[in-house]
*Asks:* 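One structure, as structure tokens, below. Some questions next.
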Number of protein chains: 2
Amino acid sequence: MARTQASDYDQRREAILDHAAELFARKGFNGASIAELAAACKTSKSLIYHYYPSKEDILYEVMASHVEALAEMVETLEKGSGSPRAQLDELIGRFIALYMGAKSRQKVLLDELEYLPDARREAIVGQQRQLVAAVSKLLADIHPALANDKKQLTAVTMLLFGMINWTKNWFHADGAISPQQLAKLATTIMLDGVGGLDVASLKTGVPNPRMRQI
Amino acid sequence: MARTQASDYDQRREAILDHAAELFARKGFNGASIAELAAACKTSKSLIYHYYPSKEDILYEVMASHVEALAEMVETLEKGSGSPRAQLDELIGRFIALYMGAKSRQKVLLDELEYLPDARREAIVGQQRQLVAAVSKLLADIHPALANDKKQLTAVTMLLFGMINWTKNWFHADGAISPQQLAKLATTIMLDGVGGLDVASLKTGVPNPRMRQI
DNA sequence: CCTACCGATCGGTAGG
DNA sequence: CCTACCGATCGGTAGG
């Protein structure tokens with residue numbers, strides 16, 4: 001009787017991606033070897049090559065699965081309601097949450113993109129552009145004048161992504177600030193600057209005059 | 001008679017660093033080889049090893065020379081005067097200018113730090129902490145309440161560095177926005193949010209009410 | 001400052 | 001004739 005596909009085929013494929021994400025995040029794409037990946041998966045190199053045709057295919061799958069999750073979240077939210085400010089708050093909060101829930105994949109997505117072959121890198125970049133467009137749209141809704149100044153709108157959008165994507169280099173979810181607080185911090189600064197912050201010393205009674213105008 | 005040091009010793013060392021910065025920025029530390037570096041310098045691998053004991057030493061020198069330039073700029077400015085807002089404006093502007101004037105070294109500093117051996121990485125990180133401290137100090141001067149909320153001050157400072165460091169991934173000095181405009185954009189958002197922006201459509205006459213309060 | 005090499009390890013593939 | 005998986009090793013190249 002012919003052998004059929006292993007019943008745990010999908011789980012095995014996914015397990016390889018999980019270990020690859022961790023390894024690529026820690027040692028970089030070029031610094032991590034297939035031999036190490038196989039060892040992490042407690043299997044052989046040949047088994048890895050049975051599931052994926054090449055090392056670059058593994059890198060691509062790690063990134064594609066993660067950017068897909070981000071894109072799906074954005075699509076879900078775009079059907080939502082609420083004020084543009086509330087929507088941006090929600091969107092940034094979900095970005096941070098997805099970043100925290102897949103730290104290795106997020107780091108790989110941001111740091112190893114240039115090691116993908118051109119065609120596949122463009123596929124990922126195309127997905128990322130959708131994320132950028134969703135944020136740009138909300139910023140233009142919140143501050144309509146920006147809609148008439150596309151270059152500045154793009155720059156402001158990228159500055160916002162800079163705030164949240166750079167968190168991979170310093171933020172720890174178990175620190176003094178929670179992921180939700182971090183998201184609120186980023187959106188508040190984007191919309192109102194430090195003047196809009198709810199700072200500890202102000203919580204005791206002195207109202208922040210800038211908060212009144214929102 | 002014993003050979004003396006080549007008269008162009010320093011220039012050669014520096015030329016190697018320039019080519020290494022470009023190569024490491026483009027292919028990554030692990031993706032670039034010493035043979036490639038030698039070819040770029042139109043010399044042999046052995047000559048490279050005459051000037052530097054190891055590949056990691058070259059990486060370290062690329063980063064150290066650049067972070068030193070950033071630290072010296074900060075030291076110079078810390079003796080300066082002007083309002084805290086003007087000082088932050090000036091500081092961020094100089095950061096962006098130094099980033100643009102050494103794009104490869106800046107990219108290597110941000111992207112390849114984890115490939116340095118621990119001790120040398122800590123030396124670089126120590127220098128970077130001085131840069132962070134200078135920005136934190138100015139933010140606390142501008143918004144005194146933050147000085148009493150260290151955790152939030154740190155977070156806000158890192159969000160600002162996120163805005164300016166992330167520019168390596170999207171900003172081109174020859175685009176529609178100049179480096180000076182970019183610096184002003186980042187500081188304005190940090191201090192006043194998008195509401196504080198001087199947007200094109202507002203320049204024609206409608207004053208921005210939030211600008212009045214600064 | 002070069003060519004000639006080294007020990008090791010790379011990504012990927014062979015036969016069974 | 002298919003897919004699943006192993007131990008061993010391929011041709012090249014890495015840093016030194």
Side-chain angles (χ1 to χ4, degrees), chain A residues 1-17 19-24 26-63 108 112 114-118 120-121, chain B residues 1-17 19-24 26-63 108 112 114-118 120-121:
Chain A
M1 182 178 166
R3 273 184 163 192
T4 56
Q5 186 170 278
S7 60
D8 58 353
Y9 183 88
D10 291 338
Q11 294 100 299
R12 268 182 177 270
R13 265 186 77 92
E14 194 57 39
I16 291 171
L17 288 192
H19 285 105
E22 191 279 330
L23 210 57
F24 291 163
R26 189 157 45 82
K27 311 187 85 172
F29 177 69
N30 282 319
S33 71
I34 295 294
E36 279 178 297
L37 175 56
C41 299
K42 294 187 212 287
T43 183
S44 64
K45 282 203 296 177
S46 302
L47 191 275
I48 303 291
Y49 281 106
H50 172 69
Y51 283 92
Y52 295 98
S54 74
K55 195 186 180 190
E56 280 165 350
D57 280 86
I58 299 173
L59 178 62
Y60 177 74
E61 289 294 332
V62 166
M63 293 178 168
V108 171
E112 314 296 326
E114 57 198 313
Y115 302 114
L116 275 185
D118 287 4
R120 305 201 124 177
R121 188 178 59 247
Chain B
M1 182 180 167
R3 274 188 165 189
T4 55
Q5 187 171 278
S7 62
D8 58 353
Y9 184 89
D10 291 338
Q11 293 100 298
R12 269 183 178 268
R13 265 186 78 92
E14 193 56 38
I16 292 172
L17 287 192
H19 285 105
E22 191 279 329
L23 210 57
F24 291 163
R26 189 157 45 81
K27 312 188 83 172
F29 177 69
N30 281 320
S33 70
I34 295 294
E36 279 178 297
L37 176 56
C41 299
K42 295 187 212 286
T43 183
S44 64
K45 287 200 292 179
S46 304
L47 190 275
I48 302 292
Y49 283 104
H50 171 69
Y51 283 92
Y52 296 97
S54 74
K55 196 186 181 191
E56 280 165 350
D57 279 87
I58 298 173
L59 178 62
Y60 177 73
E61 288 296 331
V62 167
M63 294 178 167
V108 171
E112 314 297 326
E114 57 199 312
Y115 302 114
L116 274 186
D118 287 4
R120 305 198 124 178
R121 188 176 60 249

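Throughout, protein chains are lettered first and strands after them, A, B, ... in sequence-line order, and every chain is numbered starting at 1.
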*Asks:* Rounded at 0.5 Å granularity, tell me how far CD1 in Ile34(B) sits from CD1 in Ile58(B).
*Replies:*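 One finds 4.0 Å between CD1 of Ile34(B) and CD1 of Ile58(B).
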
*Asks:* Starting at atom OH of Tyr52(A), determine the distance to atom C1' of dC5(D), rounded to an integer number of angstrom.
*Replies:* 17 Å

*Asks:* Under the side chain to side chain contact (heavy atoms under 4.5 Å, CB included) criterion, do Arg120(A) and Leu59(A) qualify, and how do the steps go?
*Replies:* CA-CA 10 Å; Arg120(A) 305 201 124 177; Leu59(A) 178 62; over 6 Å; no

*Asks:* Given Arg12(B) and Leu47(B), is the side chain to side chain contact (heavy atoms under 4.5 Å, CB included) satisfied, shown in steps?
*Replies:* CA-CA 10 Å; Arg12(B) 269 183 178 268; Leu47(B) 190 275; 3.7 Å; yes

*Asks:* Among residues 26-44 of chain B, which contact DNA chain C at a heavy-atom distance under 4.0 Å?
*Replies:*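 Under 4.0 Å from DNA chain C: Thr43(B), Ser44(B).
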
*Asks:* How close or far is atom P of dG16(D) from atom NZ of Lys55(B), stated in whole angstroms?
*Replies:* 8 Å

*Asks:* Should Tyr49(B) be listed as having a side-chain N or O under 4.0 Å from OP1 or OP2 of dC1(C)?
*Replies:*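 For Tyr49(B), the contact criterion (side-chain N or O under 4.0 Å from OP1 or OP2 of dC1(C)) is not met.
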
*Asks:* Rounded to whole angstrom units, what separation is found between the CG atom of Leu47(A) and the P atom of dG11(C)?
*Replies:*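 The answer, rounded to whole Å, is 17 Å.
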
*Asks:* Charged N to carboxylate O under 4.0 angstrom, Asp10(B) versus Arg13(B)?
*Replies:*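 Judged by the 4.0 Å cut-off on N to carboxylate O distance, Asp10(B) and Arg13(B) do not form a salt bridge.
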
*Asks:* Give the C-alpha distance, both sets of side-chain angles, the deciding distance and a yes or no for side chain to side chain contact (heavy atoms under 4.5 Å, CB included) between Phe29(A) and Leu116(A).
*Replies:* CA-CA 10 Å; Phe29(A) 177 69; Leu116(A) 275 185; over 6 Å; no

*Asks:* To the nearest 0.5 Å, tell me how far Lys45(B) NZ sits from Lys55(B) NZ.
*Replies:* 11.0 Å

*Asks:* Is there a side-chain polar atom (N or O) of Arg12(B) under 4.0 Å from OP1 or OP2 of dC1(C)?
*Replies:* yes

*Asks:* Tell me if the side-chain of Lys45(B) makes a donor-acceptor pair with the base of dG16(D), cut-off 3.5 Å, by modelled atom types.
*Replies:* yes

*Asks:* Rounded to the nearest angstrom, tell me the gap between atom CZ in Arg13(A) and atom P in dA4(D).
*Replies:*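 For the pair Arg13(A) CZ and dA4(D) P, the rounded distance is 11 Å.
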
*Asks:* Using atom OH of Tyr51(B) as one end and atom C1' of dG16(D) as the other, report the distance to the nearest whole Å.
*Replies:* 19 Å

*Asks:* Phosphate oxygens OP1/OP2 of dC1(C): is one of them under 4.0 Å from a side-chain N or O of His50(B)?
*Replies:* no

*Asks:* Do Glu36(B) and Lys27(B) have side chains that approach each other closer than 4.5 Å (heavy atoms only, starting at C-beta)?
*Replies:*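 A side-chain contact under 4.5 Å exists here.
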
*Asks:* State which of dG16(D), dT13(C), dG11(C) makes the closest approach to the side chain of Ser46(A).
*Replies:*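 It is dT13(C).
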
*Asks:* Determine the Euclidean distance between corresponding C1' atoms of dA4(C) and dG16(D); express it in Å to zero decimal places.
*Replies:* 13 Å

